[in-house]
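On a predicted model such as this, the values are computed, not experimentally measured, just so you know. Residue numbers begin at 1 in each chain, while the letters A, B, ... track the order of the sequences.
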Amino acid sequence: MNLAFDLLLIAALLWSAGRALTTPDLFRAVVLFIVFGLLMALAWARLDAPDIALAEAAIGAGLTGALLLDALGHLRGPVRRKSGLIAPSTVMSSEGAGPPAFPTYFLNGLAIVLAVALGLALAGALLLLPEPAISLPREVAAAMDASGVAHPVTAVLLNFRGYDTLLEVAVLWLALLGVLAVAGGRAPGRAPVTPRSARASLKVPRLLARVLAPLALLVAGYLLWAGAHQPGGAFQAGAVLAAAAVLLNLAGLLPGGATPRWVLRAGLGFGLLVFLAVAAAVMGQGVLLQYPPAWAGALIMLIETGLTLSIGLTLAGLFLALSGASRQ
Amino acid sequence: MSGLDWLSAIFLLVGAAFFLAGTVGLLRFPDVYTRLHALAKADNLGLGCIVIGLLFQADSLAAALKLVLVWLLALAASATVSFLVAHRAWRRGIAPWRADEPGIRRHDES
């Protein structure tokens with residue numbers, strides 16, 4: 001029964017990935033990409049990795065999908081790809097409704113051959129992986145008592161490999177700075193101006209957004225708290241917060257804009273600053289981000305709370321900066 | 001199987017039947033409005049029956065309430081999305097399908 005489900009899931013994954021790449025309609029491609037993300041989340045859940053499943057559903061399918069749909073909205077008129085696989089700009093040279101020119105066929109064939117070769121090489125590398133000298137899961141299990149939390153993923157992310165997470169948060173923050181630099185320079189956002197006829201149609205989604213936003217806040221708080229002993233944590237909680245912000249923005253209740261005011265800016269940097277402050281405070285332990293065992297749990301919760309806020313604002317900012325910049 | 005298991009099985013099967021009918025409707029119905037009708041049936045009644053079926057298996061009151069919450073949230077999302085799709089279709093001038101006038105026609109307002 002489970003095998004049948006898994007095979008069906010794999011087939012659906014391959015199908016949605018293939019269709020997303022080859023369909024000539026960009027809107028359909030985006031929808032198929034979102035479907036692919038949701039199926040991928042299911043696959044992670046089947047692989048007993050609920051942490052990744054949550055992140056994939058929230059960020060891979062949800063937020064990326066919203067960004068892609070928003071980007072599609074900026075491309076005026078119906079956008080069609082001439083052919084799958086190759087990006088439109090490359091195919092533009094072969095104007096006309098006839099069959100694709102010879103180089104397109106050749107490039108597509110080459111791309112397929114290379115992709116299959118890479119896939120086989122990766123599969124081979126995975127299958128031929130030597131037995132690791134150190135069993136990391138066993139090491140983690142042995143050190144769990146000193147980590148301050150009861151969930152191994154959280155222990156690795158915020159204690160044993162805390163510096164990885166510190167740098168990841170910095171990278172995320174830099175990504176948003178990049179987006180703001182590109183989209184920036186506009187006045188602080190107002191709620192998008194919509195014609196009267198469209199405003200009437202916003203009533204229903206507005207009601208939904210007003211119901212869902214408080215619930216999303218509750219779920220984010222729960223995920224943050226749950227991260228200490230079960231799947232959850234700052235990234236998932238932050239992604240849920242960001243989803244609530246995007247929903248409020250789409251319903252016209254939250255202005256977008258590429259020039260955040262100082263409160264927002266402080267919020268964006270807050271998590272990273274808390275993380276850095278904790279890292280600086282425990283430097284005396286000799287190793288970067290090695291917490292005193294008695295304080296580990298509280299410090300991790302402190303960092304995760306700050307990170308939830310900042311990750312939520314950053315992920316939401318990636319969407320709001322771009323959507324707000326365009327509608328004014 | 002106990003009585004509760006039988007009840008569960010019956011509700012799950014009825015829910016699955018609604019999902020099947022909704023999917024067939026989505027694939028076979030002639031226009032966007034009728035397809036929405038089929039889809040919303042699957043969401044509302046299909047998911048509702050499946051939630052009822054699962055309620056009989058819930059370990060605690062908290063788990064049961066969470067299942068009901070999942071159903072209510074799906075209802076709200078499904079109603080909103082159906083409204084948005086139908087509203088957009090109507091504003092773009094897609095007239096509802098009629099059995100006597102096959103095909104999609106544009107009405108005057110756009």
Inset, instruction - Please round to the nearest 0.5 Å and tell me the distance separating atom CG of B:L72 and atom CG of A:L215. - result: 10.5 Å

Legend entry - Residue B:R88 excluded, over 12 heavy atoms near CZ under 6.0 Å: no

Inset, instruction - Quick one: closest heavy-atom pair of A:L208 and B:A76, and the distance? - result: CD1-CB, 3.5 Å

Inset, instruction - List the atom of B:T80, the atom of A:P205, and the distance in Å for their closest heavy-atom pair. - result: CG2-CA, 3.7 Å

Inset, instruction - Using non-hydrogen atoms and a 4.5 Å limit, figure out which bit of A:L207 sits close to chain B: side chain, backbone, both or neither. - result: neither

